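Following: one structure in structure tokens, then a few remarks.
Predicted, not measured: the structure shown is a model, and the values here were computed from it. Atoms within each ligand, like the ligands themselves, are counted from 1 in listed order.
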Amino acid sequence: MIPGPVEVSPRVLSALGGPPPSHLAPDLIAAFGESLRRMRALWRAGEDSQPFLVAGGGTLAMEMAAVSSLAPGDAALVISSGYFSARFAEMLRRHGIGVRVVEAPVGEAPDLDRVVEALDGDGPFGALFATHVDTSTGVRVDPRPLAALARERGVLSVFDGVCATAAEPFEMEAWGADVYLTGSQKALGLPPGLALMVVSPRALEASAALPSPRPPLYLDWQAWLPIMKAYEEGRPSYFSTPATSLIPALAASLGEILDEGLEERWAAHARAARALGAAWDVLGLERVPVRPEITASTLSALYFPAGVDASLLARIRERGVIVAGGLHEAIRERYFRIGHMGYAVTRPEMLLATVEAVAGALAAGGRRDATEEAIAAAAGELGRASPGGGSA
Ligand SMILES: *Cc1c(COP(=O)(O)O)cnc(C)c1O
């Protein structure tokens with residue numbers, strides 16, 4: 001239950017078996033094309049948007065977006081809600097882009113008034129970058145007003161959805177966002193290894209118009225564009241070998257989410273977060289995000305209670321559940337993180353086992369044993385009278 005890699009579903013697991021397919025095999029080409037079309041559906045992106053699917057991490061998707069949308073000498077506005085937003089700023093600076101950061105205190109989301117001030121006072125900016133859910137703080141930023149503010153000013157908007165895509169509501173076309181990117185090992189429920197993003201027509205036009213020298217070849221949307229078009233049209237092509245073993249699993253995972261219903265998936269994440277949140281309240285675990293409206297549904301970032309330290313993680317692990325330590329520099333030693341995204345949110349028994357392990361570990365560390373109350377609180381939110389019954 002770390003914030004990625006996450007548990008994968010049986011359907012995804014079975015799609016992962018078998019010898020590595022050729023990138024030119026008809027089945028692989030079909031799965032690749034189907035994946036691109038399903039990305040558009042899952043991103044709620046327009047028919048004229050362009051999905052990209054490239055071997056690499058979420059960080060690669062971030063870097064492609066940074067260097068394919070802006071040229072050295074341009075300016076960018078980074079809305080920072082934690083560790084991963086800071087990474088965006090670092091990438092942009094390294095590419096010679098002038099960076100203005102609007103930063104929120106730890107646990108807060110950036111203030112929209114300050115974003116407007118920066119957009120109108122410190123620009124002109126070529127693009128705005130924000131992190132939908134920052135995995136270091138568990139803070140969720142609302143992309144909708146940011147995309148609208150950017151569009152009103154002719155600024156591109158780029159959203160890091162690595163800890164959010166397919167879990168938190170996002171409507172790329174309706175909200176007017178230009179880039180939404182993710183990695184395979186988070187809420188999409190696959191092993192690590194794929195960088196995924198969908199790009200709006202105007203962002204693609206901006207990338208086509210970048211001056212020479214072009215961005216680094218592997219990071220240039222324009223270098224990948226013919227390959228994506230070929231796969232979607234069912235034609236073989238080659239630029240750099242795709243992660244062929246992962247593509248059939250991706251098609252399966254996106255298909256599974258769409259079969260279940262994207263909105264049902266969003267609701268399942270919200271329900272899981274409510275259930276776990278009820279348990280954390282019983283256990284007296286304070287959240288890093290300071291308000292419910294900005295608390296992500298995909299992970300819990302929890303302060304250690306008084307008298308408890310990071311040794312708690314080992315006691316949780318002894319109880320069969322793996323959770324993650326702190327990541328944000330300012331509070332690293334004071335909190336821990338529990339991922340709840342992808343397949344796990346559809347499995348009440350996994351969520352309740354997590355509550356049981358955390359509650360048991362706290363009790364083993366000398367705190368009052370509130371395991372039963374915590375499980376009951378979570379089970380109540382999941383619509384289950386008691387653990388072990390039918391699925392919610
Ligand atoms: C995990 C994560 C990343 C980085 O993804 P990698 O696959 O580890 O490179 C970037 N942004 C966010 C919000 C993440 O959660």
Crowded around Gln222 CD? As in, over 12 foreign heavy atoms under 6.0 Å? yes
Considering only NZ, NE, NH1 and NH2 on the basic side and carboxylate oxygens on the acidic side, decide whether Arg38 and Glu256 come within less than 4.0 Å. no
For atom 8 (O) of ligand 1, the closest protein heavy atom turns out to be Gln185 NE2, 3.8 Å
of all protein heavy atoms, closest to atom 3 (C) of ligand 1 is Phe84 CE2, 3.3 Å
Answer yes if the ring centres of Trp266 and Phe170 are under 6.0 angstrom apart, and no otherwise. no
For Tyr335 together with His328, are the ring centres under 6.0 Å from each other? no
Could you list which atoms of ligand 1 come closer than 4.0 Å to a heavy atom of Met62? 10 (C)
Answer whether the closest heavy-atom distance between the side chains of Ser81 and Pro110 falls below 4.5 Å. yes
Checking Glu108 against Arg291 for the salt bridge (charged side-chain N to carboxylate O under 4.0 Å, His left out) test, could you report, in this order, the C-alpha distance in whole Å, the side-chain angles of both residues, the deciding distance, and whether it holds? CA-CA 8 Å; Glu108 266 288 359; Arg291 277 171 287 123; 2.6 Å; yes
To the nearest 0.1 Å, how far is atom 9 (O) of ligand 1 from its closest protein heavy atom, and which atom is that? Thr59 OG1, 2.5 Å
What about Thr131: any of its N or O atoms under 3.5 Å from an N or O on ligand 1? no
Nearest neighbour in protein (non-hydrogen) for atom 11 (N) of ligand 1: Asp160 OD2, 2.6 Å
Could you tell me which atoms of ligand 1, counted from 1 in the order shown, lie closer than 4.0 angstrom to a heavy atom of Val133? 13 (C)
Taking only heavy atoms of Gly58, which atoms of ligand 1 are found under 4.0 Å from at least one of them? 5 (O), 6 (P), 7 (O), 9 (O)
Who's the nearest protein heavy-atom neighbour of atom 15 (O) of ligand 1, and how far? Thr135 OG1, 2.3 Å
So Asp122 and Glu117, do their side chains get closer than 4.5 Å, heavy atoms only? no
Quick one: look up the protein heavy atom nearest atom 14 (C) of ligand 1 and list residue, atom name and how far away it is. Lys186 NZ, 3.0 Å
